[in-house]
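See below for the structure under consideration.
The model shown is predicted, which means the values in this text are computed figures rather than measured ones.
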Amino acid sequence: MFMNHKFSVGLISSGLVAGMAMTAVQGCDDGGGSPLGNIAEQCGLVCAAEGIAEGNASISGVASVDAFFGAVVTFSQAAIDVSAGIDAELRAIAVSLGLDPAAGAADISAAIKGKIKGAVAGNLKITYAAPQCAVSAKATVEATAKCDASIDPGKVEVECKGSCEADASVSASCDAEAEVKCVAQAPSVACAGTCEGTCSADAGVACEGTCNGACNGECSVKNANGECAGRCEGTCEGTCELKAAATCEGKCEGQCTYTPPDAKCEANAQVRCEAKADAKVSCNGRCDGEVTPPKASAECEASAKAEVNAKVECTPPAVEITWQWSAELDGDLKAQAEFKAWITGFKGRFAALLAATKRVKFVLDAGAGLTAAASGAVKGAIEVQAQGDLDLKASVGLACALTELGSVPGVITDSADRLATSAAGAAEVTAAVAP
């Protein structure tokens with residue numbers, strides 16, 4: 001029988017172990033004290049003193065099993081990092097409103113509404129694109145190969161359900177299940193797709209962003225010269241700063257995304273493969289969507305998917321906020337300047353909260369997958385390996401792993417609960433101004 005976490009295996013009490021110790025003493029004893037006194041520890045026949053709760057994933061000595069524990073540690077740290085990031089943004093917003101840094105989400109939300117009410121006639125108009133999150137195909141392959149030695153990182157690809165940004169270092173192309181999109185840096189010419197940047201026009205065009213110039217309609221904000229410097233409910237003559245990808249009827253200066261008629265992009269364009277309907281596409285770059293690791297053992301697939309989901313990167317979106325001044329601030333240039341300065345800082349915090357909130361889903365999904373794998377694929381793999389022809393050290397390592405599996409749900413729940421609490425606070429604060 002093997003003893004629990006943090007102490008030795010109970011084999012060291014029989015004549016068999018005594019005989020084993022006499023033959024192993026030269027390899028395991030450090031020359032001091034009784035050769036039997038710490039023989040188990042010297043030979044690695046004990047469970048690690050620290051487990052996944054302390055950030056240690058080296059539990060069993062078996063690569064495929066310890067890769068799973070490594071994914072649990074990665075998840076826990078990611079949950080802590082995202083939670084801390086959200087809390088830091090909320091503290092900064094609280095301070096900007098004159099609140100205590102430790103103010104709760106409800107107080108922050110109320111203060112935001114109060115500040116807006118005093119400066120704005122009606123409500124703020126806030127627009128933004130959804131934050132973009134991407135999972136690295138390369139990282140997914142590497143995580144799988146770390147767990148399963150039979151995987152050759154140079155010969156496998158992952159599957160992406162969503163949009164895959166093809167790796168520019170290879171001959172980029174999309175398979176039959178994907179629609180080809182090209183992303184190119186547009187000069188001052190017409191963009192036959194959507195533009196992200198600035199759209200300029202001599203004639204009036206619809207502007208889905210900030211109009212700088214003449215607005216043939218109602219303008220939300222005007223500059224000191226009386227020209228439009230906000231959202232134009234009509235047509236804009238001048239430049240339109242697009243906060244998200246939109247159709248540009250004028251000249252696009254920025255990033256142009258278009259669908260090529262022959263499914264081939266120009267040499268200087270980035271290739272993006274967008275999966276059709278519920279299909280999945282092969283991906284060797286960055287996947288914005290659900291990623292499926294290369295085919296491997298069940299425990300390795302679970303570990304790899306969870307690890308890369310925990311490490312997903314989400315980019316804060318560009319945010320546009322427009323408004324009409326309240327009667328109280330109309331003409332009060334100092335108060336207007338102070339409010340504009342606050343809005344500038346708040347936009348950055350708001351965008352960061354949006355990105356963090358989207359990342360929360362990936363991280364929590366990783367935790368749920370690990371919890372299921374602990375009692376399913378990983379436990380099954382350990383039990384199968386334990387029935388094989390193993391040496392004593394491997395047997396002890398697998399027994400330690402079975403014990404440590406019992407700690408997985410608690411570690412994941414603790415981290416997930418902390419993250420969920422922070423995410424709820426972020427949701428309450430963003431809801432104070434969200435459309």
Side-chain angles (χ1 to χ4, degrees), residues 127-142 152-201 205-209 239-294 308-309 311-318 355 358 362:
T127 57
Y128 54 88
Q132 296 298 305
C133 298
V135 176
S136 167
K138 181 180 179 182
T140 306
V141 171
E142 290 176 346
D152 184 344
K155 296 182 179 180
V156 295
E157 290 184 336
V158 304
E159 288 187 323
C160 173
K161 185 177 180 181
S163 176
C164 174
E165 179 185 308
D167 190 341
S169 65
V170 298
S171 180
S173 62
C174 302
D175 58 34
E177 296 298 324
E179 181 180 7
V180 179
K181 295 285 187 180
C182 306
V183 183
Q185 199 67 25
S188 298
V189 296
C191 173
T194 57
C195 178
E196 201 167 344
T198 300
C199 180
S200 60
V205 297
C207 176
E208 299 180 35
T239 62
C240 176
E241 296 178 13
L242 301 168
K243 301 303 181 181
T247 301
C248 174
E249 298 175 14
K251 296 178 180 179
C252 177
E253 297 178 354
Q255 184 173 278
C256 177
T257 302
Y258 62 95
T259 302
D262 56 358
K264 293 183 179 180
C265 297
E266 300 171 5
N268 63 343
Q270 177 193 96
V271 179
R272 186 174 294 165
C273 307
E274 296 189 355
K276 299 176 182 178
D278 290 329
K280 295 180 180 180
V281 296
S282 296
C283 185
N284 56 20
R286 290 162 58 87
C287 173
D288 180 9
E290 181 182 347
V291 65
T292 301
V308 295
N309 274 343
K311 293 180 178 179
V312 69
E313 297 177 358
C314 296
T315 304
K358 186 164 184 181
F362 284 89

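The heavy-atom pair separating R286 from E313 by the smallest distance is NH1-OE1, 3.5 Å. In terms of heavy-atom proximity, A269 sits nearest to Y258 at CB-OH, 4.2 Å. Here the shortest heavy-atom pairing between G289 and F362 reads O-CE2, 4.1 Å. When all heavy atoms of G209 and C240 are compared, the pair lying nearest together is N-SG, 4.0 Å. The two residues E274 and S163 come nearest to each other via the heavy atoms CG-OG, 3.7 Å.
When the side chain to side chain donor-acceptor pair (under 3.5 Å) test is applied to E159, no partner is found at least two apart in sequence or on another chain. Not counting sequence neighbours, the partners of K280 by the side chain to side chain donor-acceptor pair (under 3.5 Å) test are T292. A search for side-chain contact (heavy atoms from CB on, under 4.5 Å) contacts involving C248 returns C195, C199, C252, not counting sequence neighbours. Residues meeting the side chain to side chain donor-acceptor pair (under 3.5 Å) test with T259, sequence neighbours left out: K181. Residues passing the side-chain contact (heavy atoms from CB on, under 4.5 Å) test with P294 are T140, V141, T144, V156, V158, sequence neighbours excluded. Residues meeting the salt bridge (Lys or Arg N to Asp or Glu O under 4.0 Å) test with K311, sequence neighbours left out: E307. Under the side-chain contact (heavy atoms from CB on, under 4.5 Å) criterion, D152 pairs with K155, not counting sequence neighbours. Shown here are the salt bridge (Lys or Arg N to Asp or Glu O under 4.0 Å) partners of E208, two or more places apart in sequence or in another chain: there are none. By the salt bridge (Lys or Arg N to Asp or Glu O under 4.0 Å) test, E142 is found to be paired with no residue, residues two or more places apart in sequence or in another chain being considered. For A275, the side-chain contact (heavy atoms from CB on, under 4.5 Å) partners are V281, not counting sequence neighbours.
Expressed to the nearest 0.5 Å, how far OG of S200 lies from CD of E249 amounts to 12.5 Å. Atom-to-atom distance recorded for Q185:CD and Q255:CD is 6.5 Å, nearest 0.5 angstrom. Note that SG of C164 and CG of D288 are 10.0 Å apart. Values are rounded to the nearest 0.5 Å. Between atom CD of residue E253 and atom SG of residue C191 there is a gap of 12.0 Å, rounded to the nearest 0.5 Å.
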Next item on the list: Take C174 and V271 through the test side chain to side chain contact (heavy atoms under 4.5 Å, CB included) and record every step on the way to the result.
Entry: CA-CA 8 Å; C174 302; V271 179; 3.8 Å; yes
Check: Step by step, would you call V308 with V291 a side chain to side chain contact (heavy atoms under 4.5 Å, CB included)?
Finding: CA-CA 9 Å; V308 295; V291 65; 4.1 Å; yes
Note to self: Between L242 and E196, does the side chain to side chain contact (heavy atoms under 4.5 Å, CB included) criterion hold? Intermediate values first, please.
What the structure shows: CA-CA 6 Å; L242 301 168; E196 201 167 344; 5.9 Å; no
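The SG atoms of C160 and C273 are placed at least 2.5 angstrom from each other.
In this structure a side-chain-to-backbone donor-acceptor pair under 3.5 Å is present from Q132 to A130.
For K138, the NZ atom sits in a loose shell: 12 or fewer heavy atoms of surrounding residues, nucleotides or ligands are nearer than 6.0 Å.
You'll find the side chain of V180 reaches within 4.5 Å of the side chain of P260, heavy atoms only.
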